[in-house]
Amino acid sequence: MADSANFALRCDNLHRYLGQDDARVHVLKGVSFEARRGQVYAIVGPSGCGKSTLLYLLGLLDQPDGGEIEINGRKMSNTDDLARTAARGEHIGFVFQFHFLMLEFTALENVMMPMRKLGRLSLPEMTDRAHSLLASVGLGEKTHRLGTQLSGGEQQRVAVARALANQPSIILADEPTGNLDVKNSALVFDLLTRLAKENGQAVVLVTHNPEIAQRCDLTRPMRDGLFV
Amino acid sequence: MSPNLRIALRFLTAKKRAMLMSLSCTVLGVGLFVLTQATTSGFEEFFIKTILGTDGAMRIEDKIQDTLRQMTAGGGSDFQISQRQGLKYIEGVEEPKLIINALKDFSNVSGAAPVLRGSVLVRADFKNESAQVFGISLEEHLKVSDLGRQIVQGDVATFREQPTGALMGRVLADRLQLSTGSSFILEAQGQRMRFTVSAIYETGVADIDKLRVYVHLSEARSLLQKPSGVSFVQVNLFEKDRAPQNSIQIQDVLKHSAKPWQEREKSWLSTFRALRISSAITVSVFTLIAGLAMFNTLAMIVLEKTKDIAILRSMGYERRDITQIFLWQAGIVLAIGAFLGCVVGALSTLGVSYMPLPISGIFKTETFVVSWNIWHYVEAIATAALMVMIASLIPARRAARLEPGDIVRGTAQ
């Protein structure tokens, strides 16, 4: 039981098919995985092996065709869209490869966006937290810049701050450094892991970068829809 | 400000040109709707005002003949069957004073005046014309009509003082080349009587101005050889729109036919209503275009913002939040468009009201007649709201249906 409480995320025998009719592909073929709080996991493997598909399923952005997903001990596989959306807002933070900032909003507003939806904090508290998160990713001076006025590395750092905004227990990152140079890659990875460790969050990242993978607590290689 | 409204506002300002197009269409739609309703209603209301000011809100004429058949059971029983066989009328009002006194008990009746009507031949120096003589009791008639205000030559006081004075319609006076002070002969049923034109009136209704000659009731009695009774009693009401209900009550109580102005002017009122509806339909096309523009703009934003939708969904924003964000955008454009449209509508209505437009025949006016009615604005806003919100619902729902996983994977449809 105590062991179960340490797992922020679990999945068992996940199956996922993509495409239709003749183009239907069995992408995940019964994948099982678990992630402990305060640990950083890397999922590696060749393109098309199902890494990102697994990550979207774990993040409840997609629905599996079979298998179980458990977030902080709660089974999510058979829940409706509303419950999955609520779980995403409360327990999961995402960092995508292409930053996915909302470009009409400033860095501060982007970080405040999940907090506004969750509504746990008052406006001054949200603003303080967003400032503090942006300062911790080194963008304390650029809080009022629009997404379009930030470099790629800066945008990804804002995305990291945003993923941490609601203090989720799980951070899922899909090639978070895939679009960055070496210096920025290291910076973003260090940030992600340091902040996650400090807050006892489970970090699961999909990466092609062997150096990044080596620095994670655990690396899970995938091939043809299965962990090897 | 709610997060959804904040996002909607930012999305809107990011697509200025497309939004301005939607906004312009909404402003145009609402403004034109208000303008057309103001002008068509204006003419309709002016017609009603003219006709009420001339013929009153109701006419009581022709006594109802009692045609009730009754069968009573014999043997001292109370059993009785009554059956009305259909209404039959006796022409005219035999006891106008009794009727007028009885009408005083109806709270909505503001005045009642007896009128004796008959066909006459008007003989002037150069020409004869067929006409209708209206014998009136002046003071009572002024309470049920705008005759005093319709005088365009001479004055009512002269008519009051002249026992053989007459008020003649402008068209008839022109045809007979008569002016105030001119004398003429009225001939009816072999009787001939000389009258003097005390004043000339103009209602603007051609059928009245070319036919009616008002004389004192006593003179009309002599001319038409009708020593008692009148043709009808003209009634005015405080609340004109209640005429149909009042006429039913009056008919039941007074046993005389009572015709409300809505029934009397049915054909013209139907014409005006058809005109108003047809112009509203025509102008609704503009609001339809506003709806289509809104649809186009929002559909474009949905396409451009799929990634933002995925981000929002990944952060815990629900499907209904996404729908709300897009409906807010439509709502904002609609609110601004409706407000500006109402301003444009009001200003153009004001401008049009000064435009010269001489009309006579069914009424007389020199400029466009407009109506200032809050309901025109309400209807315009409601029409625009309906069109824009329906048009927005489709892209908004489409946005909400997008699966975040599909968007991130790049396979969103």
- Item | 4.5 Å side-chain heavy-atom contact, E403(B) and Q63(A) | no

- Query: Above 12 or not: heavy atoms from other molecules or residues under 6.0 Å from NZ of K117(A)?
  - Reply: yes

- Side chain, backbone, both or neither: which part of E90(A) has a non-hydrogen atom closer than 4.5 Å to chain B? neither

- Query: Quick one: of D81(A), L103(A), D62(A), who has the most non-hydrogen atom pairs under 4.5 Å with chain B?
  - Reply: D81(A)

- Item | Choice from S52(A), G89(A), A163(A) maximising heavy atom contacts with chain B below 4.5 Å | G89(A)

- Just wondering, are more than 12 heavy atoms of other shown residues or ligands nearer than 6.0 Å to CH2 in W375(B)? no

- Taking atom CG of N13(A) as the centre, does the number of heavy atoms from other residues, nucleotides or ligands within less than 6.0 Å exceed 12? yes

- Have a look at T85(A) and tell me which of R319(B), R320(B), E318(B) forms a side chain to side chain contact (heavy atoms under 4.5 Å, CB included) with it. E318(B)

- Take atom CE of M21(B) as the centre, draw a 6.0 Å sphere, and report whether it contains more than 12 heavy atoms from other residues, nucleotides or ligands. no

- Rounded to the nearest 0.5 Å, what's the gap from CE on M113(A) to CE on M315(B)? Could you check? 5.0 Å

- Any donor-acceptor N/O pair, R116(A) side chain to P3(B) backbone, under 3.5 Å: no

- Message: Please report the interatomic distance NZ(K305(B)) to CD(E104(A)), rounded to the nearest 0.5 Å.
- Response: 3.0 Å

- Message: Would F105(A) and I7(B) count as a side chain to side chain contact (heavy atoms under 4.5 Å, CB included) here? Give the steps.
- Response: CA-CA 9 Å; F105(A) 293 83; I7(B) 296 166; 4.0 Å; yes

- Message: Is L18(A) in contact with chain B via its backbone, its side chain, both, or neither, using a 4.5 Å heavy-atom distance?
- Response: side chain

- Item | Side chain, backbone, both or neither of D321(B) within contact of chain A (heavy atoms, under 4.5 Å) | side chain

- Specify the closest pair of heavy atoms between L101(A) and D308(B), including all atoms of both residues, with the distance to one decimal. O-OD1, 4.4 Å

- Query: Got R10(B) and M102(A) here, is their nearest side-chain heavy-atom distance under 4.5 Å?
  - Reply: no

- Polar side chain donor-acceptor pair, S314(B) to R88(A), under 3.5 angstrom: no

